[in-house]
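Below is one structure, written out as structure tokens; the observations come after it.
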Amino acid sequence: MEQKQIQIQFKLADVEQVQFATLCNEWPEGELQVTNQMQFSSDTTQRAVRCVGSFEYKQNDITQLMLRVQTIFEFSTESWSALYQLQQDAWVLPAGLVQHMADITISAARGILAIRTEEAGFPRVVLPLIAPQQIIRDNLRLPRTTTPAEN
């Protein structure tokens with residue numbers, strides 16, 4: 001069975017720092033453990049997908065810094081319609097596209113982190129390399145609601 005290829009048109013509509021919190025008076029010495037989480041939700045009436053990246057830096061299980069960044073992607077009407085799958089009654093975004101959106105969000109977080117830690121007087125804090133293809137392996141299904149989607 002031959003798969004139909006479509007060209008998806010979308011734009012990065014917004015980047016927002018949702019949270020930046022340092023929970024220490026001075027930056028700790030030694031190694032920190034970094035955890036990350038990516039969440040997706042949609043506003044199907046606006047043809048928009050929201051990606052929220054959360055990053056937490058811990059030392060000895062004590063949180064030192066938290067960063068949450070949100071990106072919003074808006075899709076053209078034609079592209080949004082092409083992503084709709086009638087049998088699932090949902091919009092289905094290919095895993096590669098979702099990985100790309102996550103990568104943009106991670107890159108935005110990296111820039112925000114550099115600026116905010118400099119403003120706080122901390123040494124340069126690095127967001128380790130994150131491979132979205134290792135986190136996101138399946139297509140993203142967006143039901144006709146605005147609740148967080150499963151990936």
Side-chain angles (χ1 to χ4, degrees), residues 6-80 82-84 90-151:
I6 57 171
Q7 184 175 11
I8 309 234
Q9 296 177 341
F10 67 98
K11 68 178 180 179
L12 176 61
D14 192 24
V15 176
E16 180 183 353
Q17 171 192 300
V18 177
Q19 179 183 39
F20 179 83
T22 57
L23 306 174
C24 56
N25 293 331
E26 65 181 53
W27 196 247
E29 293 194 24
E31 285 195 36
L32 297 172
Q33 298 80 41
V34 182
T35 59
N36 61 72
Q37 182 179 21
M38 303 301 290
Q39 295 178 312
F40 293 87
S41 61
S42 65
D43 181 343
T44 56
T45 60
Q46 296 295 315
R47 301 179 319 276
V49 175
R50 180 178 301 107
C51 178
V52 178
S54 300
F55 310 92
E56 190 170 351
Y57 290 75
K58 291 184 176 187
Q59 188 176 58
N60 301 324
D61 291 329
I62 299 171
T63 300
Q64 305 295 321
L65 182 143
M66 294 185 303
L67 173 64
R68 183 171 296 138
V69 174
Q70 170 181 273
T71 52
I72 298 175
F73 301 90
E74 293 176 352
F75 288 76
S76 71
T77 303
E78 299 79 22
S79 295
W80 194 248
L83 292 168
Y84 185 75
W91 289 265
V92 178
L93 279 62
L97 174 60
V98 179
Q99 292 163 358
H100 182 61
M101 291 189 298
D103 199 30
I104 292 169
T105 304
I106 292 164
S107 295
R110 194 167 271 119
I112 290 169
L113 182 64
I115 291 168
R116 295 291 291 173
T117 54
E118 182 179 320
E119 291 173 349
F122 293 142
R124 174 172 269 175
V125 178
V126 175
L127 183 59
L129 293 177
I130 300 168
Q133 64 273 20
Q134 292 180 346
I135 304 169
I136 302 162
R137 298 184 184 192
D138 298 319
N139 295 342
L140 178 64
R141 185 179 173 275
L142 302 169
R144 279 191 199 243
T145 64
T146 56
T147 58
E150 299 289 324
N151 73 5

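Values below: all heavy atoms of this structure, side chains included; hydrogens, waters and symmetry mates excluded.
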query = Heavy-atom distance under 4.5 Å between the side chains of Thr71 and Leu12, does that happen here?
reply = yes

When every non-hydrogen atom of Gln64 is compared with those of Pro28, the smallest separation belongs to OE1-CG, 3.6 Å

Side-chain heavy-atom pair Leu83, Ile8 within 4.5 angstrom cut-off | yes

- Any Leu140 side-chain heavy atom under 4.5 Å of Leu97 side chain: no

In terms of heavy-atom contacts, Val98 and Phe40 come closest through CG1-CZ, 3.4 Å

- Query: Do Gln37 and Ser54 have a side chain donor and acceptor closer than 3.5 Å?
  - Reply: no

*Hey, mind stepping through Arg50 and Ser42 against side chain to side chain contact (heavy atoms under 4.5 Å, CB included) and telling me if it holds?*
CA-CA 6 Å; Arg50 180 178 301 107; Ser42 65; over 6 Å; no

| said: One pair to check against side chain to side chain contact (heavy atoms under 4.5 Å, CB included): Leu67 and Ile112. What are the steps and the verdict? | reply: CA-CA 9 Å; Leu67 173 64; Ile112 290 169; 3.9 Å; yes

Sub-3.5 Å donor-acceptor pair from the side chain of Asn60 to the main-chain atoms of Ile62, do we have one?
no

Nearest heavy-atom approach of Phe73 to Cys51 is CE1-CB, 4.3 Å

In this structure, CD of Gln17 is separated from CD of Gln70 (nearest 0.5 Å) by 12.0 Å

Between Tyr57 and Leu127, the two heavy atoms sitting closest are OH-CA, 3.3 Å

In short, Gln59 meets Leu32 closest at the heavy-atom pair CB-CD2, 3.4 Å

Residue pair Leu93, Leu142: steps toward the side chain to side chain contact (heavy atoms under 4.5 Å, CB included) verdict = CA-CA 8 Å; Leu93 279 62; Leu142 302 169; 3.4 Å; yes

Q) Do the side chains of Glu74 and Gln46 get nearer than 4.5 Å, heavy atoms only? A) no

> Do the non-hydrogen side-chain atoms of Asn36 and Ile106 ever get within less than 4.5 Å of each other?
Replying inline: no

d(Leu23 CG, Lys58 NZ) to nearest 0.5 Å is 11.0 Å

What one should report as the nearest heavy-atom pair of Pro128 and Arg110 is O-NH2, 3.0 Å

- Please assess Arg47 against Thr77 for the test side chain to side chain contact (heavy atoms under 4.5 Å, CB included), listing each intermediate value before the final yes or no. CA-CA 7 Å; Arg47 301 179 319 276; Thr77 303; 3.4 Å; yes

Note to self: Do Trp80 and Val49 make a side-chain contact, defined as non-hydrogen atoms from C-beta onward lying under 4.5 Å apart?
What the structure shows: yes

### Message
Take a 6.0 Å sphere around CD of Gln19 and say whether it holds more than 12 heavy atoms from other residues, nucleotides or ligands.
### Response
yes

- [ ] Could you give me the CA-CA distance, side-chain angles and deciding distance for Thr63 and Glu56, then say whether side chain to side chain donor-acceptor pair (under 3.5 Å) is met?
- [x] CA-CA 7 Å; Thr63 300; Glu56 190 170 351; 2.5 Å; yes

Review point. Take atom CD in Gln7; do more than 12 heavy atoms of anything else shown fall under 6.0 Å from it?
Key: no

* **Side chain to side chain, Thr35 and Phe55, heavy atoms closer than 4.5 Å** => no

One should read off an interatomic distance between Thr105 OG1 and Arg68 CZ, to the nearest 0.5 angstrom, of 13.5 Å

Measure from the side-chain N and O atoms of Ser107 to the backbone N and O of Asp103, and report whether any donor-acceptor pair falls under 3.5 Å.
-> yes

Whether Phe10 and His100 hold their rings parallel, tilted or perpendicular, with breakpoints at 30° and 60°: perpendicular

Evaluate the side-chain proximity of Ile130 to Ile135: yes if any heavy-atom separation is below 4.5 Å, no if none is.
yes

dist Met38:CE -> Gln99:CD (nearest 0.5 Å) comes out at 11.0 Å

